Engineer: 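First the structure, then my questions, so here it is.
Please read these numbers as outputs of a predicted model, since none were measured by experiment.
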Amino acid sequence: MTTPRTTPRLIATDLDGTLLCGGGTVSARTAAALAAAEAAGVQVVFVTGRPPRWMQQVSAHIGGHGVAICSNGGAVVDVRRGELLESSPLGAEAALAVVAALRAKLPGTAFAFEYPAGFAREPGYELRMWGEDESHPVGPAEELLGTGGPVRGLFKLLAKHPDLDPDKLLTEARAVAGHLAEITRSAPVPLLEISAPGVTKASTLARWCAGRGIDRSEVVAFGDMPNDLEMLAWAGTAYAVANAHPQVLAAVPLHTVSNEQDGVAAVLEGFLGRV
């Protein structure tokens, strides 16, 4: 493992599988490293596939700016104030076109929707993660996205298949609907994450940095799954954690130890020791 030759101005890190340990927790070592980076004047930005409603768990570690890039770039939120600062929604017409294409190619696929007011899903979309007890609208995509439906300003469309291999699901979905939207994945199950065309972690992070006069060469990024690839390619320096998806490990030359071994903290400690 190597560390950056110069101290970066910004750390951009994925959360689940990268910064966080199992159960979505921040270890004491990682918390200390994040705090030390902020104290040294290095901004830390969480860049995650999580929706804004799943960010309170890490709000204590978000840094002085209080801002996170969520939903794979679809939303920028002030976590502490619970305020949506910026969004790049996937339009209802485009979302329904994606739904139609995936239904035709991949029968059995069910859909869910992340938007400013919360979450909605089709009846066939099973919940197995945080928030499954929360009240939310349930119905067919056409009803949820249509005139009078609750979904407005869609951050991210989710598409879950009952049994396909996750990587095969991604490949087939991109083949039939990649021209309509950005399609990626980050979960160990066959679950796709779909955003408006051109909206990725990288595009929103680049805009965030440009607004603060931070060049990509001054950014160090960390990730583990296909939804991190664009961000890792954009950043001046990028690390894959040891537990990353094989595609990410192959694409990113620099590696650190796993999330369970505090891989992000290990790199931060290396360059902070020179400050």
Engineer: N259 pairs by side chain to side chain contact (heavy atoms under 4.5 Å, CB included) with which of L15, D14, N243?
Structural biologist: N243

Engineer: Using every non-hydrogen atom in the two residues, find where V79 and A68 come nearest and quote the distance to one decimal.
Structural biologist: CG2-CB, 3.9 Å

Engineer: Centroid-to-centroid, F222 to Y239, below 6.0 Å?
Structural biologist: yes

Engineer: Tell me whether M225 shares a hydrophobic cluster with L192, the cluster being built from Ile, Leu, Val, Met, Phe, Trp, Tyr side chains joined at under 4.5 Å.
Structural biologist: no

Engineer: Give the intermediate values and the outcome of side chain to side chain contact (heavy atoms under 4.5 Å, CB included) for residues L19 and T30.
Structural biologist: CA-CA 8 Å; L19 184 79; T30 293; 3.5 Å; yes

Engineer: Which of these passes side chain to side chain donor-acceptor pair (under 3.5 Å) with S71: K156, R50, K201, E114?
Structural biologist: E114

Engineer: Is there side-chain contact between V264 and T256, with at least one heavy-atom pair below 4.5 Å?
Structural biologist: no

Engineer: V241 and L20: same hydrophobic cluster, using ILVMFWY side-chain contacts below 4.5 Å?
Structural biologist: no

Engineer: Suppose we screen for side-chain contact (heavy atoms from CB on, under 4.5 Å). Which residues come up paired with E182, at least two apart in sequence or across chains?
Structural biologist: S195, T200

Engineer: Whether the side chain of R216 engages the backbone of W234 through a donor-acceptor N/O pair (distance < 3.5 Å, no angle test) should be reported.
Structural biologist: yes

Engineer: With sequence neighbours left out, write down each residue that passes salt bridge (charged side-chain N to carboxylate O under 4.0 Å, His left out) with R174, or none if nothing qualifies.
Structural biologist: none

Engineer: I would like to know whether T13 and V220 meet side chain to side chain contact (heavy atoms under 4.5 Å, CB included); could you show each step before the answer?
Structural biologist: CA-CA 8 Å; T13 180; V220 176; over 6 Å; no

Engineer: Is D165 salt-bridged to K168, going by a charged N under 4.0 Å from an acidic O?
Structural biologist: no

Engineer: Between E269 and R29, does at least one N-O distance fall below 4.0 Å, as a salt bridge requires?
Structural biologist: yes

Engineer: Any side-chain to backbone donor/acceptor pair from D16 onto G24? Under 3.5 Å, distance only.
Structural biologist: no

Engineer: From the options L158, T184, L102, select the one residue that forms a side chain to side chain contact (heavy atoms under 4.5 Å, CB included) with I194.
Structural biologist: L102

Engineer: Would you say F155 and N72 make side-chain contact, with heavy atoms under 4.5 Å?
Structural biologist: no

Engineer: Could you check whether any side-chain N or O of D78 sits under 3.5 Å from a backbone N or O of L85, counting only pairs where one atom can act as donor and the other as acceptor?
Structural biologist: no

Engineer: Could you check T204, T48, L84 and say which one makes a side chain to side chain contact (heavy atoms under 4.5 Å, CB included) with C70?
Structural biologist: T48

Engineer: Would you find a donor on one side and an acceptor on the other, under 3.5 Å apart, between the side chain of E193 and the backbone of S186?
Structural biologist: yes

Engineer: If only atom types and distance count, is the side chain of H61 paired as donor or acceptor with the main-chain N or O of L34 below 3.5 Å?
Structural biologist: no

Engineer: Can you tell if the side chain of L144 reaches within under 4.5 Å of the side chain of P137, non-hydrogen atoms only?
Structural biologist: yes

Engineer: Testing the basics here: between A240 and L249, what is the closest heavy-atom pair and its distance to 0.1 Å?
Structural biologist: CB-CD2, 4.0 Å

Engineer: Answer yes or no: is there a donor N or O on one side and an acceptor on the other, between the side chain of R9 and the main chain of G213, under 3.5 Å?
Structural biologist: yes

Engineer: When you compare the side chains of H245 and D228, does any donor N or O come within less than 3.5 Å of an acceptor on the partner?
Structural biologist: no

Engineer: Show, in sequence, the C-alpha distance, side-chain angles and deciding distance for K160 and T109, and conclude whether the side chain to side chain contact (heavy atoms under 4.5 Å, CB included) test is met.
Structural biologist: CA-CA 5 Å; K160 184 182 290 185; T109 302; 6.0 Å; no

Engineer: Checking E38 side chain against V44 main chain: does a donor-acceptor pair fall under 3.5 Å?
Structural biologist: yes

Engineer: Report yes or no: do F46 and V267 belong to one cluster of Ile/Leu/Val/Met/Phe/Trp/Tyr joined by side chain heavy-atom distances under 4.5 Å?
Structural biologist: yes

Engineer: If you measure from the Lys or Arg side-chain nitrogens to the Asp or Glu carboxylate oxygens, is any gap between E122 and R103 under 4.0 Å?
Structural biologist: yes

Engineer: Between V77 and V67, is any pair of side-chain heavy atoms under 4.5 Å apart?
Structural biologist: no

Engineer: Pick from Y125, F119, F113: which one makes a ring pair (Phe, Tyr, Trp, His ring centres under 6.0 Å) with H136?
Structural biologist: F119

Engineer: Decide yes or no on side chain to side chain contact (heavy atoms under 4.5 Å, CB included) for D167 and R185, but give the supporting numbers first.
Structural biologist: CA-CA 8 Å; D167 287 324; R185 59 170 290 255; 2.6 Å; yes

Engineer: Between E218 (side chain) and D215 (backbone), is there a donor-acceptor pair under 3.5 Å?
Structural biologist: yes

Engineer: Do E230 and S203 pair up side chain to side chain, a donor and an acceptor below 3.5 Å, judged on atom types alone?
Structural biologist: no

Engineer: Side chains of D224 and T18 only: does a donor on one sit below 3.5 Å from an acceptor on the other?
Structural biologist: yes

